[in-house]
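Encoded as structure tokens, the structure appears first; notes follow it.
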Amino acid sequence: MTKVEVFAPAKINLALHVTGQRADGYHLLDTLVGFADIGDRITLHSEWLPKSFEVTGPEAVPELESDHNIMWHAAMKFWQPDTALSMQLEKHLPMASGIGGGSADAAATYRGLLLLRAAVEGRNTPRDPTPDDAHAMLEIGADVPMCVLSDPARVRGIGEQIEPIPDLHPYPIVLVNPRVQVSTPAVFKKLATKDNPGLDPWPDSFEDRDAVLDWLGAQRNDLQDAAVQDCPTIAMVLGALEQSGTCRLARMSGSGATCFGLFDRVHKAEAAADAIRAAHPDWWVQSGRLNGGRRAVPQLIRSTT
């Protein structure tokens, strides 16, 4: 048996500008994404287990264990259907929360399948991704290609134009979701305008990490106001982050309802998270660091014949 484990990090839209809409209805975005060391865990086995797909973890829900799961979509595109494959998902990210949980799971599945295929075939390294892979990933979901990389990037178009950002500081971060799901189509429908300016140019260098926060603070999430109209609780989440007194930037990620707060010290982020949990025990609250996507490299755990 061969087993591969992959971390699927939360994707954070640090800024998200809606810059247009194509004739086919797809919205054009200009977004800066980072990845946290908070996420799901995927395990892939090259044999049939008693359950070929199992979901566990604190955010597991029955509807995830179906052949409509986005992980199965990835498996059908990148694994030979006549070859044994079982998958396990340890779910830590809430569903439909604006931090790319499903896309991260599909991207982790793809990364893991490349390594699993190489191990099964007796190769030391997986094959390189191909342009066909990138096209297939975009068909699975617009966020999947950026989640495959799981490194800070500026992403434009519908998710296919990815420009790595090499020097984003690993800020301590707090993620908060009020356990309310927001309809992405409804949020886009409420947008006052869909033809907004893109992000400011990313500077060649910053004086210090505070300057990066200043740059981020000058950007926007164009979906935030529309999401607050649909879900006023998001305003409460942003207020809870800002009221910590040490949060340097509070903003919604994606189309919500998860919001993030950036901090300059780990202990400040952890204290803010503890305070929000105490005040709102029914909310999902996690603290960690940006750039945790680097843990997403798949690990070959065991290979036996």
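We're numbering straight along the sequence, starting at 1.
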Residues two or more places apart in sequence or in another chain: which of them pass side chain to side chain donor-acceptor pair (under 3.5 Å) with [X]?
{"X": "Gln224", "answer": "none"}
{"X": "Glu63", "answer": "none"}
{"X": "Arg154", "answer": "Asp30"}

Taking distance alone, no hydrogens or angles, what donor-acceptor pairs closer than 3.5 Å link side-chain atoms of residues 91-104 to residues at least two apart or in another chain?
from, atom 1, to, atom 2, distance (Å)
Lys91, NZ, Asp40, OD2, 2.6
Lys91, NZ, Asp105, OD2, 3.0
His92, NE2, Arg41, NH1, 3.4
His92, NE2, Glu90, OE2, 2.7
Ser97, OG, Pro94, O, 2.8

[X] side chain near [Y] side chain, heavy-atom distance below 4.5 Å:
{"X": "Phe78", "Y": "Arg117", "answer": "no"}
{"X": "Lys190", "Y": "Ser183", "answer": "no"}
{"X": "Pro129", "Y": "Tyr110", "answer": "yes"}

Quiz item: Other hydrophobic cluster members with Val297, side-chain heavy atoms of Ile/Leu/Val/Met/Phe/Trp/Tyr under 4.5 Å, chained?
Solution: none
Quiz item: Does Asn13 use its side chain to pair, donor to acceptor, with the backbone of Ala15 at less than 3.5 Å?
Solution: no
Quiz prompt | Side-chain donor/acceptor of Arg22 to backbone N/O of Leu28, under 3.5 Å | solution =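 Side chain of Arg22 to backbone of Leu28, a donor-acceptor pair under 3.5 Å: no, none is there.
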Exercise. Could you check whether the rings of His27 and Phe188 sit parallel, tilted or perpendicular, using 30° and 60° as the cut-offs?
Key: parallel
Exercise. Just say parallel, tilted or perpendicular for the rings of His280 and Trp283, cut-offs at 30° and 60°.
Key: parallel
Roughly how far apart are [X] [atom1] and [Y] [atom2], rounded to 0.5 Å?
{"X": "Ser253", "Y": "Leu16", "atom1": "OG", "atom2": "CG", "answer": "8.0 Å"}
{"X": "Glu47", "Y": "Lys3", "atom1": "CD", "atom2": "NZ", "answer": "10.0 Å"}
{"X": "Thr2", "Y": "Leu115", "atom1": "OG1", "atom2": "CG", "answer": "9.0 Å"}

Exercise. For the pair Arg277 and Glu270, find out whether any cationic side-chain nitrogen is under 4.0 Å from an anionic carboxylate oxygen.
Key: no
Quiz prompt | Crowding at CG, Asp225 (>12 non-hydrogen neighbours, <6.0 Å) | solution =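 No, the 6.0 Å shell around CG holds no more than 12 heavy atoms from other groups.
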Practice problem: Return yes when atom CG of Asp282 has more than 12 non-hydrogen atoms of other residues, nucleotides or ligands closer than 6.0 Å, and no otherwise. | Solution: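 Atom CG in Asp282 is packed in, count exceeds 12.
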Donor-acceptor pairs under 3.5 angstrom involving side-chain atoms of residues 233-245: please list them, not counting sequence neighbours.
from, atom 1, to, atom 2, distance (Å)
Ser244, OG, Leu241, O, 2.8
Ser244, OG, Thr246, N, 3.4
Ser244, OG, Cys247, N, 3.3

